[in-house]
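Read through the structure below, which is laid out as structure tokens, and then see the notes.
Only heavy atoms go into these numbers, but all of them, side chains included; no hydrogens, no water, no symmetry mates.
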Amino acid sequence: MKDNYAVQTGGGIFNNSVGGVTLDHSTVLGNWAIHGTGGGIDNAPSGTVTLLHSTFRQNHPNHCTPLNNIPGCTG
């Protein structure tokens, strides 16, 4: 998943369900959330995300909440 843009949430992936998302041997790279959350992935409180052997790099959320939760994030 590379170089995607979202005006609101989930530049790469937006999981807005009670279900789940599983990424296995995946790379999420260079995605942007312009005015919302989740540059690489935005997961709703009722959803689950399982990461197996996956990499997230150079994704850009519009915020860094909670503070110091996202390494290198200054937005």
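- Sequence neighbours left out, not one pair with a member in residues 18-28 passes side-chain hydrogen bond (donor to acceptor under 3.5 Å, both in side chains).
- Residues satisfying the side chain to side chain contact (heavy atoms under 4.5 Å, CB included) criterion with F56, sequence neighbours excluded, are L23, V28, I41, L51, N59.
- With sequence neighbours left out, N43 forms a side-chain hydrogen bond (donor to acceptor under 3.5 Å, both in side chains) with N15.
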